[in-house]
Number of protein chains: 2
Amino acid sequence: MGLKTVKTIADIARLTGVSKSTVSRALNDSPLISEETKERIRAVAKEHNFQINVSASRLSLQQSRTIAFAVHAQKNCGGFSLNDLFLLELLGAISSTLSTLHYDLLVANINPHDPAWPHEYLDTGRVDGFILLTSTRKKFHIGTLVKMKAPFIVWGTPLPNYSYCSVNSDNFNGGRLATEHLLQKGRRRIAFMGGPADEGETEQRYAGYVAALKEAGQEVAPTLVRYGDWTSDSGMERMQQLLEASPDLDAVFANSDLMAAGAMNVLHARGRRVPQDVAVVGYDDLSIARVNSPPLTTISQNLPLVGKLLAQNLIQYVETGVVTNVTIPAHLIVRESA
Amino acid sequence: MGLKTVKTIADIARLTGVSKSTVSRALNDSPLISEETKERIRAVAKEHNFQINVSASRLSLQQSRTIAFAVHAQKNCGGFSLNDLFLLELLGAISSTLSTLHYDLLVANINPHDPAWPHEYLDTGRVDGFILLTSTRKKFHIGTLVKMKAPFIVWGTPLPNYSYCSVNSDNFNGGRLATEHLLQKGRRRIAFMGGPADEGETEQRYAGYVAALKEAGQEVAPTLVRYGDWTSDSGMERMQQLLEASPDLDAVFANSDLMAAGAMNVLHARGRRVPQDVAVVGYDDLSIARVNSPPLTTISQNLPLVGKLLAQNLIQYVETGVVTNVTIPAHLIVRESA
DNA sequence: ATGGTTTGTGCAACCGGTTGCAATCCTCGA
DNA sequence: TCGAGGATTGCAACCGGTTGCACAAACCAT
């Protein structure tokens, strides 16, 4: 006990009276080695609680068994991207899935304006692939990654004309579910508070919103539609604009929980009760949704599943080259805000 | 352009007409090499945008230049620890500080009940040290880490009788600032909603609460004190208990923003207005604090600074063995809830 | 001209696993 | 009794940097 003198497979080999190769094979459960020799070697290894040196192993194997989660710092002192909570919840699922698959998770702090960032991770052998959700300059990054044949997977609607792995949620249905729920609650002046207008997610949710309205025989009113950038600040601004443009609105479908929270803040400040006067539906089902006042009705994207798929499918691609594009269902979570 | 054929320092050596050693030294800016040779080698390296193989380098150097951020999955499907948001905000700062120092950040998903987890990261040469904020079984982990002489730093009040690096916030002052603010607002029935009663943070904040009340000539009422576990759920439960025990309370000092959010929820549900009827002060200044309704008055711990110090001081310890214990100031952020 | 420094570079071993190929031992059938 | 073929294991090269030490060239003073 104490300082270990047994550190390498050569030590184990000496103790067991076999060669390095045999130890290496035994620990990797190679069929070449007899069961009884394996047992003996494993026993000695356990006894000295031997841990393999991953640097050496990675060098030999020419792979890192490490995945990078790409994030980019924001202007405001070392923070994360605007996704914040969203990102964290995903990170948890990704992390545990990867560890199940014996991969490590690296947090890669990238500079979104430097197209060469993947080199620093890939060419150095640090990681075997990337997971990204970066909404900032998404197309740009995807383009460069495809060009340099880097293995990666992205959260979000896949871009046309590119082939790469992705995990996407059923945004059209999400938009429809939210809108249908509001209609069913008797709302007739339902505002759409979208994410950035040019992002696929926003477009699809808007399409779902429109479809639900049409089905209910309603018109789409331009004064009830505004686009923001997912943040609570933009939620506040858009809510003010919506109230000015349409003082009679009785519901809001916000494209993110953060925007919904901002919107509710403004509504409270203006003396509108939620949900009595204005019903609010969010999107994402972040952990804060339950904590809002009132608790937020929202569209759940099953983040644990998303994280798991991101990890699994990326690794599948790294190891076999299979490109997957999956779409996961959206669910309505009814709480008190609508 | 395209497939790189220049991958190793041996390739660079060949192209430059020197030996591997010279290339290695040149790229590491060794004083042994003449300035002009360095220039030539660097030029060739840039031209072929050569990237060093970190596995090989780490194997040779016997160090990983990687730090593990220890987190543990929760019962609920792949989630993170209860700190959630808190953790994320810290992570951003840690990540960018580490990358400045040329260290990588690994997310280590640990099993809080397995005392051997550090071996898997340390003895394998995966990482050079750990950062932990784990409140779950903190003493246990710290004990085992100290015992195995693992390099680590922890967020929180250092345990007595152990020597290790830590970054702590001025909880006493935080507790006092919060309480003084409420007193100054004319509140006289101020409840204390603490974290777990046996944690240093909670004790110190409580001491600050008591000190402020004493200075104001007030008594400490046991019916106004309850302890939870930092989560919003516990915030809701404790709030209910407090309202039952002391229906006349006019303020709550919650030890976390999450608890404060839960408390506000209950207050709204019971028809108490915040801040008119009951003022609420939180703790942490998470990004959600601004988004709450009403925006939460809280104690800020300057998380970016905390993250930076955690990273810097751990590396300093790893490289030089210097043990630091720093305390950072607490600030009151006044918003609308109190 | 000669011996002692610097200064700059190369050789080769080493970090700790992995793996193609050769070598050894057994078993079994003819 | 002898060789073919299968089961095990060892040898040695290799992955790609790093570094102690030897060595050669240039510089200096005597």
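Chain identifiers are assigned alphabetically (A, B, ...) following the order of the sequence lines, protein sequences preceding nucleic acid strands; residue numbering begins at 1 within each chain.
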Spacing between Ile52(A) atom CD1 and dC15(C) atom C1', to the nearest angstrom: 14 Å
Spacing between Asp123(A) atom CG and dG17(D) atom P, to the nearest angstrom: 12 Å
Nucleotide nearest Thr22(B) (side chain, heavy atoms from C-beta), chosen from dG16(C), dG17(D), dT9(C): dT9(C)
Heavy-atom neighbours of Lys308(A) NZ exceed 12 at 6.0 Å: no
Residue pair Thr22(A), Ser19(A): steps toward the side chain to side chain donor-acceptor pair (under 3.5 Å) verdict: CA-CA 5 Å; Thr22(A) 303; Ser19(A) 71; 3.2 Å; yes
Distance test, side-chain N/O of Gln62(A) to OP1/OP2 of dG16(D), below 4.0 Å: yes
Distance-only polar pair, side chains of Ser99(A) and Ser96(A), donor-acceptor under 3.5 Å: no
Side-chain donor/acceptor of Ser60(B) to base of dG17(D), under 3.5 Å: yes
Asp29(A) vs Arg42(A), salt bridge (charged side-chain N to carboxylate O under 4.0 Å, His left out): CA-CA, chis, key distance, verdict: CA-CA 10 Å; Asp29(A) 199 26; Arg42(A) 286 198 200 109; 3.1 Å; yes
Sugar-phosphate only, base, or nothing, as touched by Val18(A) at under 4.0 Å among non-hydrogen atoms: sugar-phosphate
Closest nucleotide among dG17(C), dC11(D), dG16(C) to the Ser19(A) side chain: dC11(D)
Side-chain N,O (Thr8(A)) to OP1/OP2 (dG16(C)) below 4.0 Å: no
Steps toward side chain to side chain contact (heavy atoms under 4.5 Å, CB included) verdict (Tyr103(A), Ile315(A)): CA-CA 9 Å; Tyr103(A) 269 75; Ile315(A) 288 176; 3.4 Å; yes
Stretch residues 24-42 of chain A: residues that reach within less than 4.0 Å of DNA chain D through a heavy atom: Arg25(A), Leu32(A), Ile33(A), Ser34(A), Thr37(A)
Separation of dG16(C) C1' from Gln51(A) CD (nearest whole Å): 15 Å
side-chain N/O Ser57(B) vs dT18(D) OP1/OP2, d < 4.0 Å: yes
Ile9(A) CD1 to dC14(C) C1', straight-line distance once rounded to whole Å: 15 Å
Member of Tyr164(A), Tyr162(A), Phe130(A) meeting the ring pair (Phe, Tyr, Trp, His ring centres under 6.0 Å) criterion with Phe152(A): Tyr164(A)
Glu36(A) CD: over 12 foreign heavy atoms closer than 6.0 Å: no
Between P of dG20(C) and CG of Leu61(A), the distance in whole Å: 12 Å
Between dT19(C) (P) and Leu59(A) (CG): distance, integer Å: 12 Å
Sugar-phosphate, base or nothing in reach of Ser21(B), heavy atoms under 4.0 Å: base
Nearest-angstrom distance from the residue atom CZ of Phe50(B) to P of dG16(D): 10 Å
Atom-to-atom span, NZ of Lys20(A) to P of dT18(C) - whole angstrom: 10 Å
